[in-house]
Protein chains: 2
Amino acid sequence: MVRIREFDIDQAVDRAMDLFWRRGYAGTSLQDLLQELSIGSGSFYAAFGSKEQLYLRSLDRYIHLQGGDLEKTLGGGAGIRPAVRKVLTSLIEADLTDPARGCLVVNTSTQCGGQPSATERVNTAVRQVESLLADALERAQMRGEISSDKDPRKLARFLTTVIQGIRVVGQARTGREFAEDALSTAMHALD
Amino acid sequence: MVRIREFDIDQAVDRAMDLFWRRGYAGTSLQDLLQELSIGSGSFYAAFGSKEQLYLRSLDRYIHLQGGDLEKTLGGGAGIRPAVRKVLTSLIEADLTDPARGCLVVNTSTQCGGQPSATERVNTAVRQVESLLADALERAQMRGEISSDKDPRKLARFLTTVIQGIRVVGQARTGREFAEDALSTAMHALD
DNA sequence: CCCTTTCTTGAATGATTAATACATAACTGG
DNA sequence: CCAGTTATGTATTAATCATTCAAGAAAGGG
């Protein structure tokens with residue numbers, strides 16, 4: 001009954017996410033996006049409304065993907081210690097592999113200038129990490145892996161903060177040792 | 001022998017630093033700067049060369065000021081624990097007072113897109129924090145405030161990472177409790 | 001095979017950007 | 001008080017920005 005879209009919207013969001021991730025909001029021009037997505041501006045605005053809306057959509061996608069990864073790692077059969085270690089290690093590796101990316105949530109929080117819709121998402125993302133960690137820590141505590149006098153939520157907030165910190169020093173190109181020293185020290189908080 | 005400049009360059013750098021700090025590089029237009037500094041574009045380019053050069057100069061100024069503050073707090077007569085606690089607490093307070101600012105170094109690292117001159121400064125700043133903390137921790141260790149089996153540099157890297165993390169979650173508007181939970185957990189690393 | 005609907009293409013829009021040019025004004029050594 | 005030097009203010013530049021618009025193309029029901 002109608003002409004069908006020639007590109008896949010979800011795939012386009014993923015590609016846009018990658019571009020925003022590496023170059024930031026201001027650093028990604030509409031031309032960059034059009035070229036990366038191989039579409040014209042008409043299609044772009046018909047599909048996404050505006051650059052800002054696509055950014056927010058990309059950010060939502062990012063938060064969803066990261067949350068899924070985190071949940072999977074923390075929910076895998078391993079104990080809480082190797083699981084947390086794996087979470088932190090994979091961040092360090094990611095920063096070493098591609099230092100230009102960092103974390104889209106962190107990038108957003110420093111670039112959005114307090115814009116409500118972006119700030120709200122940043123807050124949501126941080127709270128998501130906090131609660132995924134808190135749940136995992138609580139389960140570990142019930143299994144006896146963590147001393148009963150620890151507060152899982154407090155520990156989760158601590159680890160969330162360390163995660164954000166690692167993402168920052170990772171972008172500062174301080175080298176693997178730096179982040180690994182921070183990691184090994186942070187792990188002692190679980191003891 | 002010549003006409004003298006009508007504005008104070010150092011003061012102008014301070015004001016520009018404040019603007020870049022709150023609004024970011026891309027978010028601060030030349031017009032914004034000219035208005036804030038109350039000068040014309042001719043004077044601007046004569047004095048600073050370009051927007052980018054002024055940004056780097058503002059960043060240098062920021063790093064210098066922050067380094068001085070940190071050195072002062074860590075060098076004050078207090079023990080290492082209250083000193084470190086004060087450093088972290090003041091960051092939390094700053095984020096609560098003015099969440100739009102955050103840390104200019106962190107902001108730069110996520111906004112510069114890997115530009116060498118900016119990345120280099122970010123690296124320098126992180127290493128500066130690391131070594132100021134490492135020196136203070138080493139002195140504290142010699143005074144017997146810190147157990148001799150600790151590695152001051154490792155601890156310094158950990159605290160540096162926590163500092164960056166606090167700056168991020170502070171901008172995420174997660175509230176005072178969040179950062180304070182992270183702070184109190186982090187302090188145990190010194191025990 | 002045509003009509004309706006939706007998508008695509010590409011040019012045009014006006015706003016904003018950083019940066020420059022130039023005439024004028026201020027200051028000082030001689 | 002004049003000459004030389006440097007700062008200032010304004011107007012302008014060329015580029016780039018996100019967005020809109022209109023005309024043509026694809027698809028499927030009747």
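Proteins get letters first, then strands, A, B, ... in listed order; numbering begins at 1 in each.
- By the 4.5 Å heavy-atom criterion applied to side chains, B:R121 and B:S117 are counted as neighbours.
- In this structure the side chain of A:Q128 never reaches within 4.5 angstrom of the side chain of A:H64, judged on heavy atoms.
- Rounding to whole angstrom units, CG of residue A:L54 and P of D:dA18 are separated by 12 Å.
- For A:E71, the CD atom sits in a loose shell: 12 or fewer heavy atoms of surrounding residues, nucleotides or ligands are nearer than 6.0 Å.
- Heavy-atom contacts from other residues, nucleotides or ligands closer than 6.0 Å to CD of B:E93 number more than 12.
- Looking only at distances, a side-chain donor or acceptor of B:R15 sits under 3.5 Å from a matching main-chain atom of B:E36.
- The stretch residues 40-49 of chain B comes close to DNA chain D through B:G40, B:S41, B:G42, B:S43, each having a heavy atom under 4.0 Å from the strand.
- At whole-Å resolution of the value, OH in A:Y55 and P in D:dA18 are 14 Å apart.
- Straight-line distance from the CD1 atom of A:I39 to the P atom of D:dT19: 13 Å, rounded to whole Å.
- Rounded to whole Å, the distance from CD on A:Q35 to P on D:dC17 is 12 Å.
- Between A:E52 atom CD and D:dA18 atom C1' there is a gap of 12 Å when expressed in whole angstrom units.
- Residues A:S38 and B:S50 each lie close to DNA chain C; by heavy-atom proximity, the contact nearer the 5' end of the strand is made by A:S38.
- Relative to the ring axis of A:F7, A:R5 places its NZ or CZ within 45° and under 6.0 Å from the centre.
- Using a 4.0 Å cut-off between a side-chain N of Lys or Arg and a carboxylate O of Asp or Glu, A:R157 and B:E180 do not qualify as a salt bridge.
- The stretch residues 5-12 of chain B touches DNA chain D through B:R5, B:E6, B:F7, each having a heavy atom under 4.0 angstrom from the strand.
- For B:K51, whose side chain is taken as the heavy atoms from C-beta onward, the closest listed nucleotide among C:dA18, D:dT8, D:dA27 is C:dA18.
- Sorted by residue number, the members of residues 17-34 of chain A with any non-hydrogen atom under 4.0 Å from DNA chain D read A:T28, A:S29, A:L30.
- Between A:L155 and A:L133, every side-chain heavy-atom pair lies at or beyond the 4.5 Å cut-off.
- In terms of heavy-atom proximity, B:G175 sits nearest to B:L96 at C-CD2, 4.4 Å.
- For A:R3 and D:dA25, the CZ to C1' distance is 5 Å, given to the nearest whole Å.
- In this structure, CD in A:E138 is found 11.5 Å from CZ in A:R143, a value given to the nearest 0.5 Å.
- Residues A:F48 and A:I9 have side chains in contact (heavy-atom distance under 4.5 Å, counting atoms from C-beta outward).
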